[in-house]
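Values reported hereafter were calculated over all heavy atoms of this structure, with side chains retained and with hydrogens, waters and symmetry mates removed.
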Amino acid sequence: MQIQSRQATGEGRERVELVPETLDDLWHLSYVIEPGDHVSGDTTRRIQRNDDNLRDKGGEREPMWLQIEVSDVEFAKFANRLRVGGEIVDCSREDQLGFHHTLNVEEHTELTVEKRWKPDQNDRLEEAVESTENPDVAIATVEEGEAHVHTVAQYGTEERATITSTTGKGDYARPRDELFSELADVLKRQDVDAYILAGPGFTKQDALDYFEDAIPDIAEQITTVDTAAVGDRGVHEVLKRGAVEDVQQRTRIAEEADHIDELMARIGEGSEVAYGPEEVAKAADFGAIETLLVLDERLRKERAGEGDWDIDADDIIETTEQKGGDVTVFSAEFAPGQQLANLGGIAALLRYRLE
């Protein structure tokens with residue numbers, strides 16, 4: 001996600017110009033944009049006649065800039081777009097004011113969102129921006145006598161190291177462990193969340209066996225992928241198979257799963273935990289929350305007035321952060337989020353047990 005500008009517009013509202021760059025960014029925006037927000041951008045629209053309010057089906061769509069007051073948001077992941085619908089409140093053609101329009105937001109679509117930004121929504125934007133700026137996956141490709149390390153950035157890959165070493169038989173052959181040792185040293189220097197080890201044949205498995213002894217913490221984060229080549233061609237194969245996206249998704253799920261495992265363990269022990277809106281709200285008021293866990297789908301429903309909680313979800317989030325607690329918003333699409341949904345969509349890991 002690119003944030004191009006931010007500007008306060010009064011009454012606690014802020015106008016943010018942004019550009020989503022990935023499907024993940026569109027998914028984030030589906031939980032940021034909500035009814036009542038103002039969203040604007042360039043679009044195309046069939047002009048409606050003023051006399052009978054019928055569409056001019058014979059004409060072409062006309063490009064224009066417009067702003068809508070949001071009434072509905074839909075993330076259509078299979079169409080790779082976010083649909084944001086609402087009433088036109090400002091437009092480059094005044095005769096279109098008051099009509100309904102749907103903005104189809106795709107990757108690299110420039111748009112402006114004006115709203116009262118909540119803390120977790122700002123956190124989502126920051127997360128999306130950081131995922132763009134910081135490569136979080138390293139791809140190591142290895143075969144007999146040769147290894148390469150690339151990091152994955154938003155618009156491609158960057159080569160970090162190339163290691164060559166004559167291995168196997170012959171007077172000048174070096175032990176394979178020397179190649180693996182050099183590769184391990186390079187991997188240790190990469191500031192990433194996950195690693196992919198790829199290549200043809202059995203060399204990558206031998207390298208992984210070496211890493212399990214030499215760099216066990218990194219070895220635990222390695223996913224292996226079969227490729228026919230190494231270097232740039234091998235990386236291309238990894239990307240084409242969608243292995244990077246799979247690893248990134250598993251990394252996010254793993255972080256949520258760690259929280260859920262800790263939560264369930266504490267529930268089983270009857271220790272420092274709260275779940276359900278009333279209990280969590282009480283813990284927030286006491287300043288007892290270490291980590292607040294809340295489901296994105298439930299949060300959106302409560303904010304839209306479609307939920308059944310008697311407490312204000314935003315009050316819990318703000319109180320938690322003001323008193324030094326962390327907030328993790330879970331995705332309803334993955335298993336940890338589904339477990340949280342079974343507990344009412346909100347829970348907390350506490351600093352101490354409430355009597």
Side-chain angles (χ1 to χ4, degrees), residues 1-6 14-41 68 70 72-86 102-137 152-155 193-194 242 244-256 259 292-304 313-314 317 321 326-334 336-338 340-341 345:
M1 185 88 73
Q2 288 186 23
I3 304 297
Q4 297 183 322
S5 69
R6 303 190 74 137
E14 188 175 20
R15 182 184 300 123
V16 179
E17 295 181 7
L18 50 83
V19 181
E21 297 179 307
T22 66
L23 195 60
D24 271 353
D25 289 344
L26 297 178
W27 178 76
H28 281 303
L29 286 177
S30 73
Y31 287 96
V32 167
I33 300 172
E34 53 194 344
D37 295 348
H38 285 186
V39 176
S40 59
I68 62 174
V70 176
D72 54 273
V73 182
E74 177 192 3
F75 176 50
K77 63 182 177 181
F78 297 111
N80 292 346
R81 64 176 52 175
L82 178 70
R83 297 188 178 99
V84 184
T102 297
L103 288 168
N104 289 310
V105 182
E106 300 178 340
E107 295 169 350
H108 310 297
T109 298
E110 296 182 8
L111 73 157
T112 300
V113 180
E114 182 180 344
K115 61 180 289 147
R116 291 184 177 88
W117 292 85
K118 301 176 177 70
D120 64 287
Q121 294 169 342
N122 277 317
D123 289 344
R124 271 191 182 269
L125 283 189
E126 290 176 10
E127 178 185 341
V129 170
E130 288 173 1
S131 68
T132 299
E133 294 176 347
N134 301 324
D136 59 0
V137 177
V152 180
Q154 197 67 33
Y155 291 111
D193 299 316
V244 171
E245 289 82 355
D246 290 343
V247 166
Q248 289 172 327
Q249 177 171 299
R250 288 201 301 272
T251 300
R252 289 194 297 270
I253 296 172
E255 292 173 354
E256 295 180 3
H259 285 312
L292 175 66
L293 315 178
V294 60
L295 190 66
D296 55 8
E297 187 176 79
R298 169 60 71 173
L299 189 56
R300 183 166 60 179
K301 285 182 178 179
E302 294 299 324
R303 285 173 171 168
D314 290 324
I317 291 173
E321 293 186 328
D326 295 324
V327 178
T328 298
V329 179
F330 279 53
S331 168
E333 294 189 15
F334 306 133
Q338 293 163 9
L340 185 59

* Asked: Which atoms form the tightest heavy-atom contact between L295 and G337, and what is the distance?
  -> CD1-O, 3.4 Å
* Just wondering, do D314 and R303 contact through their side chains at under 4.5 Å, heavy atoms? -> yes
* **Charged tip of R6 within 45° of W117 ring normal and under 6.0 Å** => yes
* Asked: Any idea which heavy atoms bring E17 and T112 closest together, and the distance?
  -> CG-OG1, 3.4 Å
* Backbone N/O of S30 and side chain of R300: donor-acceptor pair under 3.5 Å -> yes
* Structure fact -> Nearest heavy-atom approach of V73 to I33 is CG2-O, 3.6 Å
* Any salt bridge between K115 and E14, counting N to O under 4.0 Å? -> no
* Within-4.5 Å side-chain heavy-atom neighbours: L292 and T328 -> no
* Asked: Does E256 reach the side chain of S331, with side-chain heavy atoms less than 4.5 Å apart?
  -> yes
* Nearest 0.5 Å please: distance from the NE2 atom of H259 over to the CG atom of L340. => 11.0 Å
* Asked: Is V84 close to D37 at the side-chain level, that is, under 4.5 Å between some pair of heavy atoms?
  -> no
* Asked: Just how far is it from atom CD of E110 to atom CD of Q4, taken to the nearest 0.5 Å?
  -> 5.0 Å
* Note, D193 side chain near V137 side chain (heavy atom, < 4.5 Å) -> no
* Asked: With no hydrogens and no angle check, do the side chains of E34 and Q121 hold a donor and an acceptor under 3.5 Å apart?
  -> yes
* Heavy-atom side-chain proximity of L111 to V39 below 4.5 angstrom -> yes
* **D296 side chain to V329 backbone, donor-acceptor under 3.5 Å** => no
* Measuring from D25:CG to L125:CG, what's the distance to the nearest 0.5 Å? -> 9.5 Å
* Flag side-chain contact, heavy atom, 4.5 Å: L18 against M1 -> yes
* **Neighbour count above 12 (heavy atom, 6.0 Å) for K118 NZ** => yes
* Run the numbers on L293 and F330 for side chain to side chain contact (heavy atoms under 4.5 Å, CB included), then give the verdict. => CA-CA 7 Å; L293 315 178; F330 279 53; 3.7 Å; yes
* Asked: Could you go step by step and tell me if D123 and E321 meet the side chain to side chain contact (heavy atoms under 4.5 Å, CB included) rule?
  -> CA-CA 12 Å; D123 289 344; E321 293 186 328; 3.4 Å; yes
* To do: Compare every heavy atom of I68 with every heavy atom of G86, then report the nearest pair and how far apart it is.
  => N-CD1, 3.8 Å
* **Pairwise distance CZ(R83) to CD(E74) - rounded to 0.5 angstrom** => 5.0 Å
* Mind listing the closest non-hydrogen atom pair of E297 and A332 along with its distance? => CB-CB, 3.8 Å
* Can you find a heavy atom in the side chain of L299 that is under 4.5 Å from one in the side chain of I317? -> yes
* How close do V105 and P20 get, heavy atom to heavy atom, and via which atoms? -> CG1-CG, 4.0 Å
